[in-house]
Number of protein chains: 2
Amino acid sequence: MEEKKTYTKQHTLLVATDCIVFGFDQGLLKLLVFKRRIAPLVGNWSLIGSFVNKDESVTDAAMRILVQFTGLQDIFLEELKVYSKVDRDYGDRCISIAQYALIRIDDYNEELVEKHGAKWFSFDELPRLVLDHNDMVADALEGIRIKARRRPIGLELLPEKFTIPQLQSLYEAIYQRPLDNRNFRKKLLSFGLLVKLDEKDKTTSKKGAFLYTFDYDKYKVLEESGFDFFL
Amino acid sequence: MEEKKTYTKQHTLLVATDCIVFGFDQGLLKLLVFKRRIAPLVGNWSLIGSFVNKDESVTDAAMRILVQFTGLQDIFLEELKVYSKVDRDYGDRCISIAQYALIRIDDYNEELVEKHGAKWFSFDELPRLVLDHNDMVADALEGIRIKARRRPIGLELLPEKFTIPQLQSLYEAIYQRPLDNRNFRKKLLSFGLLVKLDEKDKTTSKKGAFLYTFDYDKYKVLEESGFDFFL
DNA sequence: GCAAAAGTGTTCTCGTTACACCCATGC
DNA sequence: GCATGGGTGTAACGAGAACACTTTTGC
């Protein structure tokens with residue numbers, strides 16, 4: 001391994017990344033956590049995380065563990081913030097870059113998740129996590145609320161084909177308040193970014209709800225010109 | 001020094017923080033940069049930065065160098081994002097946590113600034129900076145624009161007593177577009193967060209403009225209950 | 001036929017925008 | 001007295017909020 005050592009007299013630190021993995025299922029926002037496998041605190045619930053290796057960026061590290069735990073590639077991932085208090089980790093001085101990931105629960109590889117001792121919890125049943133991970137979760141929820149007001153990140157939590165009532169229920173979960181279905185639908189469709197399909201999803205009602213897809217290409221164009229999504 | 005070494009087999013990394021230091025003067029947004037003093041790239045323009053030491057948080061490190069360069073305590077500082085591409089630093093593998101700082105130019109200690117070879121540049125005259133620092137600046141500008149829509153961070157760039165035309169001119173600089181003065185004033189005052197003083201600032205006009213202060217206590221209360229500042 | 005969720009329009013309110021003139025003062 | 005920047009009000013418009021009933025279909 002090449003070692004340039006230009007900045008010789010400087011201290012190096014342990015750098016970790018922890019992922020707040022959001023999912024959405026049955027009208028509830030969920031979080032993926034797992035049982036920690038390294039000392040100290042072995043066996044306690046923890047966010048999914050890893051140390052950052054010499055040859056990878058922080059994003060690389062996060063993607064690596066997300067694939068490991070969920071089997072999914074191309075997950076939506078965004079930086080939340082850095083946790084660097086000197087005494088935040090009982091094990092050793094270590095900073096952690098928290099990132100949140102949004103994944104489509106119906107896609108994830110159940111087997112992998114279970115093999116790693118991971119588990120989905122809904123927010124109100126979330127157990128006590130190790131270190132400052134509960135703070136990270138709280139900050140992440142705040143973060144996606146703010147972000148959701150400007151970008152259609154909610155869609156990352158739904159299958160490619162989704163219904164409008166599904167989407168509404170998701171936003172109700174994110175904002176923790178009921179939304180008027182007529183107004184929601186009106187505003188949503190006014191963007192002209194949803195493509196109505198000829199299929200219906202009949203799993204939640206007898207009548208069935210039409211499925212839609214999101215026109216990402218069209219959105220990209222709007223985004224460039226400073227367009228803000230959503231309420 | 002205590003060394004717990006719990007996470008033994010892990011790699012450690014160099015961790016730096018770079019500060020995008022904004023000021024506002026003469027209707028122009030400005031940036032404080034300085035001539036780099038360590039190899040490689042000695043003598044090139046660089047953001048103000050430092051490595052993070054073992055016994056300090058990232059914020060501590062930033063505050064340390066801000067005091068050093070400006071002599072100012074209690075500077076507004078907020079994390080921007082982490083730059084961690086493997087090859088981003090020619091010197092050695094090193095991640096940097098970029099933070100933006102907002103300071104009141106009229107307060108800063110000119111002597112200290114000059115002693116460190118630092119200099120204020122306005123945006124359009126900003127030179128090429130080392131490494132990925134120009135990217136950081138661009139991201140920071142985007143960041144304060146978004147933030148300014150929700151929080152009164154602009155005030156951190158003005159003296160404690162300021163006039164409404166000053167504030168307007170600041171927001172025009174941040175958003176890079178002219179604002180209507182009647183509408184600006186109306187909305188601003190509608191929050192009931194400005195306290196009109198009996199003094200006028202006569203430096204910019206013969207008539208003089210009334211000075212105001214911001215009611216931070218009242219704002220704190222509103223902020224708690226989910227209040228959003230500004231356009 | 002009835003329960004349960006999907007889908008549909010209109011009105012009202014309030015905030016945003018557009019717009020032009022007088023005021024105070026130093027020179 | 002005039003040039004310069006500070007300060008003021010109103011009307012038109014559009015987006016957001018409030019609000020209730022019909023449709024479809026499985027059972």
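Below, chain A is the first sequence line, B the second, and so on; all start at residue 1. Excluded from the calculations below are hydrogen atoms, water molecules and symmetry mates; all remaining heavy atoms, backbone and side chain alike, are included.
- Listed by first and then second residue, the salt bridge (charged side-chain N to carboxylate O under 4.0 Å, His left out) pairs that reach into residues 118-134 of chain B are B/Arg88-B/Asp132, sequence neighbours excluded.
- Looking at residues two or more places apart in sequence or on another chain, you find no ring pair (Phe, Tyr, Trp, His ring centres under 6.0 Å) involving A/Phe210.
- For A/Arg151, the salt bridge (Lys or Arg N to Asp or Glu O under 4.0 Å) criterion is met by A/Glu223, A/Asp228, not counting sequence neighbours.
- Tested against A/Phe191 for a ring-ring contact (aromatic ring centres under 6.0 Å, His included), the candidates A/Phe227, A/Tyr212, A/Tyr219 yield a single pass: A/Phe227.
- You can see that DNA chain C meets the heavy atoms of chain B within a 4.0 Å-exclusive cut from C/dT16 to C/dG26, reading 5' to 3'.
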Item to check | B/Leu157 vs B/Phe22, side-chain contact (heavy atoms from CB on, under 4.5 Å): CA-CA, chis, key distance, verdict | outcome: CA-CA 8 Å; B/Leu157 291 164; B/Phe22 288 94; 4.0 Å; yes

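- Across the protein-nucleic acid pair, B/Leu188 atom CG and D/dG6 atom P stand 15 Å apart, rounded to whole Å.
- In this structure, the ring of B/His116 has its center less than 6.0 angstrom from the ring center of B/Phe69.
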Checklist entry - Once each nucleotide of nucleotides 16-23 of chain D is scored for protein heavy atoms under 4.0 Å, what B/S/- sequence comes out, 5' to 3'? => result SBBBB--B

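- Among residue pairs with one or both ends in residues 151-174 of chain B, those qualifying as ring pair (Phe, Tyr, Trp, His ring centres under 6.0 Å) are B/Tyr171-B/Tyr175, B/Tyr171-B/Phe230; sequence neighbours excluded.
- Between B/Leu189 atom CG and D/dG6 atom P there is a gap of 15 Å when expressed in whole angstrom units.
- For the pair B/Leu167 CG and D/dG7 P, the computed distance is 12 Å after rounding to whole Å.
- One can place CZ of B/Phe210 at 10 Å from C1' of D/dG7, the figure rounded to the nearest angstrom.
- Among B/Phe121, B/Trp120, B/Phe34, the one residue that satisfies the ring-ring contact (aromatic ring centres under 6.0 Å, His included) test with B/Trp45 is B/Phe121.
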